[in-house]
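Everything quoted here is computed from the prediction, not taken from an experiment. Heavy-atom basis, side chains included; hydrogens, waters and symmetry copies ignored.
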Number of protein chains: 2
Amino acid sequence: MERPASDATRQALVEAALDGFGVKGYEGTSTRNIARAAKTNIASIAYHFGSKEGLRRACAEFVVSTIRSVADAVLAPEDEAAFAALDRDVARQRITAIFERMAGFILTNPRANLVARFMLREMIQPSMALDIIYGGIIEPTHKRLCRLWAVATGGEAESEATRLAVFALMGQVLYFRIGREIVVRRMGWEQLGTAEAQAIAALLKGNIDHLIEASEEPMP
Amino acid sequence: MERPASDATRQALVEAALDGFGVKGYEGTSTRNIARAAKTNIASIAYHFGSKEGLRRACAEFVVSTIRSVADAVLAPEDEAAFAALDRDVARQRITAIFERMAGFILTNPRANLVARFMLREMIQPSMALDIIYGGIIEPTHKRLCRLWAVATGGEAESEATRLAVFALMGQVLYFRIGREIVVRRMGWEQLGTAEAQAIAALLKGNIDHLIEASEEPMP
DNA sequence: GTCTATAAACAGATAGAC
DNA sequence: GTCTATCTGTTTATAGAC
């Protein structure tokens with residue numbers, strides 16, 4: 001696709017931009033700063049991506065391929081037959097396992113930090129980058145989780161209740177990433193490292209187990 | 001505190017800045033745009049707040065007083081004696097009522113939109129404004145919720161488990177506000193209005209009830 | 001208190017040397 | 001492909017008229 005000689009520069013620019021856009025926002029990050037962080041010159045942005053906007057698009061595509069490679073390993077893309085054959089208890093175990101791994105990755109992986117901040121910015125101020133990310137990872141991942149959740153709780157995969165329930169589950173995980181600064185202060189932690197992430201993952205596993213259990217017995 | 005003659009300009013500047021900082025970010029919002037939106041001139045920002053940074057501080061103080069007035073009405077500041085006398089069932093009812101009202105406010109109130117976006121930006125890129133907001137509303141509110149949750153579930157108010165559990169509860173509510181754009185797309189909604197907020201609130205109420213119930217019976 | 005005018009720095013984009 | 005120099009417009013801050 002690209003000439004190998006310029007791949008290193010492209011990669012460096014994308015990573016610098018991802019960091020800048022994520023922390024300072026798109027308008028708040030100058031192409032000058034991005035070029036400096038990537039150890040190249042301003043003109044190379046126009047050369048490789050056409051414009052600052054083109055660099056943003058490249059960031060979105062990087063996010064999609066990064067998360068895809070992780071999500072596919074955890075979620076394992078399955079066909080209709082595989083879902084139909086899923087046992088209820090197996091689906092439950094799969095879900096708790098998925099959320100535990102997701103929490104670990106989102107909370108502690110350094111690359112996840114880069115990616116999460118960029119995605120968060122796009123959620124507040126959507127651009128065409130959000131379209132790429134939504135279609136590339138958010139929707140397909142959410143759909144797969146809905147199907148698993150439906151098997152685990154005996155609901156319908158695309159019912160309003162199931163889709164909202166999966167968002168609520170995601171919220172429990174993602175808030176610890178989004179509100180990380182708040183959580184760290186309130187918990188009196190020095191940082192949110194692996195030990196702290198494990199405490200959070202344990203809590204989330206408990207919550208998910210309870211919510212699945214509750215789906216069996218209707219409230220009195 | 002301030003001369004009444006200039007209060008209108010101050011107020012207009014703060015609201016315009018809150019909107020700008022929330023949507024485009026601090027660096028991405030120019031004082032020119034803020035002044036134009038507030039129907040005044042650029043120099044008045046320096047006059048009233050000293051600098052752009054001073055305006056950011058004023059935004060944080062506005063956020064604190066806005067949320068305070070709402071939170072106090074919902075949470076009702078209580079003394080030690082009132083907490084000690086709280087019945088377990090009363091605490092449970094209070095919690096579900098609080099989260100239902102919180103969800104309604106956060107998801108549908110137009111002023112909450114302004115405030116929420118600003119707070120979210122500060123979480124990703126903390127400045128002294130986050131210090132003001134954290135000390136002014138986040139910590140005190142979280143502490144009060146922890147005490148209620150402890151009474152409802154029979155735990156300890158300041159234990160790690162309780163503090164994390166309350167964050168997870170908050171996450172379920174807040175994610176629907178943070179990821180609003182994503183939720184709307186995935187749900188196929190045209191907007192997130194009162195009808196949609198009620199569907200979300202109903203789901204959250206169910207989840208909270210289940211989690212409280214589960215605190216009684218230890219997992220098999 | 002409000003506003004215009006302007007200073008000094010910085011933005012994104014691009015032409016053209018190498 | 002990489003880089004310097006530069007064009008054009010915008011940024012925050014401020015001086016000073018009213």
Side-chain angles (χ1 to χ4, degrees), chain A residues 1-62 118 121-122 125-129, chain B residues 1-62 118 121-122 125-129:
Chain A
M1 282 187 184
E2 299 296 329
R3 286 206 193 75
S6 70
D7 264 9
T9 304
R10 283 184 62 97
Q11 176 89 1
L13 280 171
V14 167
E15 287 190 15
L18 211 58
D19 184 46
F21 295 162
V23 176
K24 294 256 192 182
Y26 180 75
E27 290 87 352
T29 308
S30 69
T31 51
R32 284 180 153 76
N33 278 336
I34 294 170
R36 197 188 313 136
K39 294 193 207 313
T40 182
N41 59 86
I42 327 156
S44 71
I45 291 174
Y47 177 79
H48 287 289
F49 307 100
S51 67
K52 190 184 184 183
E53 198 64 22
L55 180 52
R56 177 189 239 175
R57 173 181 295 273
C59 284
E61 281 156 3
F62 178 84
F118 181 84
R121 287 276 178 183
E122 285 292 331
Q125 189 189 3
S127 75
M128 97 290 174
Chain B
M1 282 192 179
E2 299 295 329
R3 288 207 191 72
S6 69
D7 264 10
T9 304
R10 284 183 61 96
Q11 176 87 2
L13 281 171
V14 167
E15 289 192 15
L18 211 58
D19 185 46
F21 294 163
V23 177
K24 293 259 192 180
Y26 180 76
E27 290 88 352
T29 309
S30 69
T31 51
R32 282 182 150 74
N33 279 336
I34 294 170
R36 196 187 315 136
K39 294 189 209 309
T40 181
N41 60 86
I42 327 155
S44 72
I45 290 174
Y47 177 79
H48 287 290
F49 307 100
S51 66
K52 189 184 184 183
E53 197 65 22
L55 180 52
R56 176 189 239 175
R57 172 181 295 274
C59 284
E61 283 156 3
F62 177 84
F118 181 84
R121 287 277 178 183
E122 285 293 331
Q125 189 188 2
S127 75
M128 97 290 174

J.: OP1 or OP2 of dT2(C) versus the side-chain N and O atoms of T9(B): is any pair under 4.0 Å?
T.: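 Yes, T9(B) has a side-chain N/O under 4.0 Å of OP1/OP2 on dT2(C).
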J.: As a test of reading the structure: which of dT14(D), dT14(C), dA13(C) is closest to the side chain of A43(B), going by heavy atoms?
T.: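 Closest of the options to the side chain of A43(B): dT14(D).
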J.: How many Å lie between CG on L13(B) and C1' on dA13(D), as a whole number?
T.: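 In whole Å, dA13(D) C1' and L13(B) CG are 15 Å from each other.
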J.: Nearest 0.5 angstrom please: K52(B) NZ to F21(B) CZ, how far?
T.: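 If I round to the nearest 0.5 Å, the distance is 5.5 Å.
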J.: Between P on dT2(C) and CD1 on I45(B), what's the gap in Å once rounded to a whole number?
T.: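 Rounded to whole Å, this separation is 12 Å.
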J.: What is the distance from NE2 of H48(B) to P of dT2(C), rounded to the nearest Å?
T.: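 Computing the H48(B):NE2 to dT2(C):P distance gives 4 Å.
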J.: Quick check for you: to the nearest 0.5 Å, what is the distance between R121(B) atom CZ and C59(B) atom SG?
T.: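 The CZ atom of R121(B) sits 13.5 Å away from the SG atom of C59(B).
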J.: How close or far is atom C1' of dT11(D) from atom CD1 of I42(B), stated in whole angstroms?
T.: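 That distance rounds to 10 Å.
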J.: Quickly work out the R10(A) CZ to dG1(D) P distance and round it to whole Å.
T.: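 Roughly 10 Å, once rounded to whole Å.
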J.: Return the 5'-most residue of the pair N33(A), A46(A) with respect to DNA chain C, ranking by each residue's nearest nucleotide.
T.: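 On the 5' side of the pair lies N33(A).
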J.: So what does S44(B) touch, heavy atoms closer than 4.0 Å: a base, only the sugar-phosphate, or nothing?
T.: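 Answer is nothing: S44(B) stays at 4.0 Å or more from every strand.
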J.: What's the separation between atom OG in S30(B) and atom CD1 in I34(B), rounded to the nearest 0.5 Å?
T.: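 So the OG of S30(B) and the CD1 of I34(B) are separated by 7.0 Å.
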J.: Is the shortest heavy-atom distance from the side chain of R56(A) to the side chain of F49(A) under 4.5 Å?
T.: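 Sidechains of F49(A) and R56(A): no contact.
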J.: Quick check for you: to the nearest 0.5 Å, what is the distance between D7(A) atom CG and H48(A) atom NE2?
T.: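 NE2 of H48(A) is found 9.0 Å from CG of D7(A).
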J.: Would you say dA11(C) has OP1 or OP2 under 4.0 Å from some side-chain N or O of S30(A)?
T.: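 For dA11(C), OP1/OP2 do have a side-chain N/O of S30(A) under 4.0 Å.
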J.: In whole angstroms, how far is the P atom of dA17(C) from the OH atom of Y47(A)?
T.: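 Nearest whole value for this atom pair: 17 Å.
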J.: Report yes if a side-chain nitrogen or oxygen of T40(A) is closer than 4.0 Å to either non-bridging phosphate oxygen (OP1 or OP2) of dT2(D); otherwise report no.
T.: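 Indeed not, no polar side-chain atom of T40(A) lies that close.
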J.: Tell me: CG of N41(B) to C1' of dG1(C), nearest whole Å?
T.: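 In whole Å, dG1(C) C1' lies 9 Å from N41(B) CG.
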J.: E27(B) CD to dT10(D) C1': how many Å, rounded?
T.: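 Going from CD in E27(B) over to C1' in dT10(D) covers 16 Å.
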